[in-house]
Novice: 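First the structure, then my questions, so here it is.
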Number of protein chains: 2
Amino acid sequence: MRFPDANKSEAAPHIAGATREALIAAATTVFAERGFQDATIREICQLAGANVAAVNYHFGGKEDLYSEVVVAVKHTGAPPVHLQMGAEVPAAVRLEAHIRWLLGRLVCMGPVDPLGQIMGREMIQPTPALDRLIEEFFRPQSVWLEVVVRELIGPGLGDEVYARGVMSVISQVVFYKHCRPVLERMGPGYFPTAATFEAQVRHIVDFSLAGFHGMRLAAAANGPKPGAEGSDCPSRNH
Amino acid sequence: MRFPDANKSEAAPHIAGATREALIAAATTVFAERGFQDATIREICQLAGANVAAVNYHFGGKEDLYSEVVVAVKHTGAPPVHLQMGAEVPAAVRLEAHIRWLLGRLVCMGPVDPLGQIMGREMIQPTPALDRLIEEFFRPQSVWLEVVVRELIGPGLGDEVYARGVMSVISQVVFYKHCRPVLERMGPGYFPTAATFEAQVRHIVDFSLAGFHGMRLAAAANGPKPGAEGSDCPSRNH
DNA sequence: AGTTGTTTGAAACTTCTGTTTGACGAGTAT
DNA sequence: ATACTCGTCAAACAGAAGTTTCAAACAACT
């Protein structure tokens, strides 16, 4: 009835889970664009070509649908295959691979990257879904990167030093996700484009490698810190 | 009537703009905590001890109140007095002053800093208020910092190089604002405390200075770029 | 004291939105 | 064929929230 010109089978009910999938896809878009609160079931269902009752029927409610979206969105985009790389690959190469993957994921996936957008909102206004996101998505990357950073800076320093090195790298990348609206309004050239992407990656890699070098020198100047290993806490003085 | 034990003069209407100020104060808190959409006029008015009609009477509506809050929130917190520093102060000192000011503002102003919180939301979900925020708040800092960075890297490079240097610095600071919920969930030591604040500032300063050094070396290796000046656009290849 | 403009308060209004309901159609097993 | 289940749909329901209304209170001025 919604499309009088279409035959009735367009609303074929028994294409296993068709509307359910359509709802998840539509919800991913709408939640990413508007956020949980601003997103309306009616808009999601309209985009999915489904009835407003479909969300409650298939998921139980708006919040449950959101949880499904957050879980599903992890598997969108390029997978972090470079995390398989180990010590057989030079640390600088691993660093560059991670930066390229992360930056590409955050800035070059079309107008809005659902994962990045939803993550951004989760950070400003966390929901219970954030905890799963951290354990299944952020922490693996963080520990992998810390190994790389530890190799690049050199051994014998405190855990908090390596943690700061990791954050200095990540921050330069996620910056372009979190501050994109500002950068785009600041003028052309602030936000990376396809043409400037590689130069941007190079800059972050070089800047970080130089930063690690400086950290090693500073650590040497201040004297090596004993007992650096053996603590799970990256910071010892608080 | 809301406070039966207080005398009636507590609702004294003609303390010039009393309710208006109370509304702005309350709205700042509520908007920062909940965001524009989640914040309700009723909660703001209850916190301000005012009637729900007060917002529409004094401001015209919810959105206008939000605009007032965004404008007013710029003047909260420590003012950026260091922006007065010029070439008579070593560039490294100016850099450190800016980093210390910004980081202190973003991470050490109690549980929630209204400015940072609202800014964070504006970046994820911009409203018309963001444009004013950029022109009156971000851009002055950006141009000031670019002068410092230009001095630290050295002359003769492209505008986009200096812009990237600026962003590498800023990103390391705002990271702690935008990713605070994640860092706090990652474990102790990731998010700066009063005890680790100075060490954090030192790290960002040293890391950045070393990064600038690397940028200068890389530029020298690739050869100096002519015609770097004279363009307002920090990026030339897009 | 009376008038006037301003501010406040309680209630109602309107719209939006998540959810529920009951009916209908299609496939499937008995 | 009948009954049952599943999915869909239009409509209605219920609550929340922004806004409006109108009367009352107050201060300042005449």
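First the proteins, then the strands, lettered A, B, ... as listed; each starts at 1.
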Novice: With sequence neighbours left out, write down each residue that passes side chain to side chain contact (heavy atoms under 4.5 Å, CB included) with A:Q125, or none if nothing qualifies.
Specialist: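 With neighbours one apart ignored, the set is B:D38, B:R121.
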
Novice: Using the test ring pair (Phe, Tyr, Trp, His ring centres under 6.0 Å), find all partners of A:F138 that sit at least two apart in sequence or belong to another chain.
Specialist: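 Testing A:F138 for ring pair (Phe, Tyr, Trp, His ring centres under 6.0 Å), a comparison that skips the adjacent residues, returns none.
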
Novice: Let me know the distance between CZ of B:F59 and P of D:dT20, rounded to the nearest Å.
Specialist: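 Checked: the CZ to P distance equals 16 Å.
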
Novice: Tell me, yes or no, whether the heavy-atom count around B:Q37 atom CD, taken from other residues, nucleotides or ligands under 6.0 Å, exceeds 12.
Specialist: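 Correct, the count exceeds 12.
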
Novice: Taking OP1 and OP2 of C:dT8, is either one under 4.0 Å from a side-chain nitrogen or oxygen of B:H58?
Specialist: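 Yes, such a contact exists.
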
Novice: What residues, two or more places apart in sequence or in another chain, satisfy ring pair (Phe, Tyr, Trp, His ring centres under 6.0 Å) together with A:F59?
Specialist: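 For A:F59, no residue satisfies ring pair (Phe, Tyr, Trp, His ring centres under 6.0 Å) once neighbours in sequence are set aside.
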
Novice: Please enumerate all residues that pass side chain to side chain contact (heavy atoms under 4.5 Å, CB included) together with A:R139, with sequence neighbours excluded.
Specialist: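 For A:R139, the residues satisfying side chain to side chain contact (heavy atoms under 4.5 Å, CB included) (neighbours in sequence not counted) are A:I134, A:E135, A:V143, B:M186.
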
Novice: Establish, with yes or no, whether the OP1 or OP2 oxygen of D:dT8 is under 4.0 angstrom from a side-chain nitrogen or oxygen of A:T19.
Specialist: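 Looking at the OP1 and OP2 atoms of D:dT8, one of them is under 4.0 Å from a side-chain N or O of A:T19.
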
Novice: Would you give a per-nucleotide map of nucleotides 11-19 of chain C, 5' to 3', where B means the base has a protein non-hydrogen atom under 4.0 Å away, S means only the sugar-phosphate does, and - means neither?
Specialist: BB----BBB

Novice: What is the distance, rounded to the nearest whole Å, between atom CD of B:Q46 and atom P of C:dG9?
Specialist: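 That distance rounds to 13 Å.
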
Novice: Quick one: A:Y57 OH to D:dT8 P, roughly how many Å, whole number?
Specialist: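 From A:Y57 OH to D:dT8 P: 7 Å.
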
Novice: Sequence neighbours excluded, which residues qualify as side chain to side chain contact (heavy atoms under 4.5 Å, CB included) partners of A:I41?
Specialist: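 By the side chain to side chain contact (heavy atoms under 4.5 Å, CB included) rule, A:I41 matches A:C45, A:V55, A:K62.
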
Novice: Whole-Å distance between D:dA16 C1' and B:R34 CZ?
Specialist: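 Going from CZ in B:R34 over to C1' in D:dA16 covers 15 Å.
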
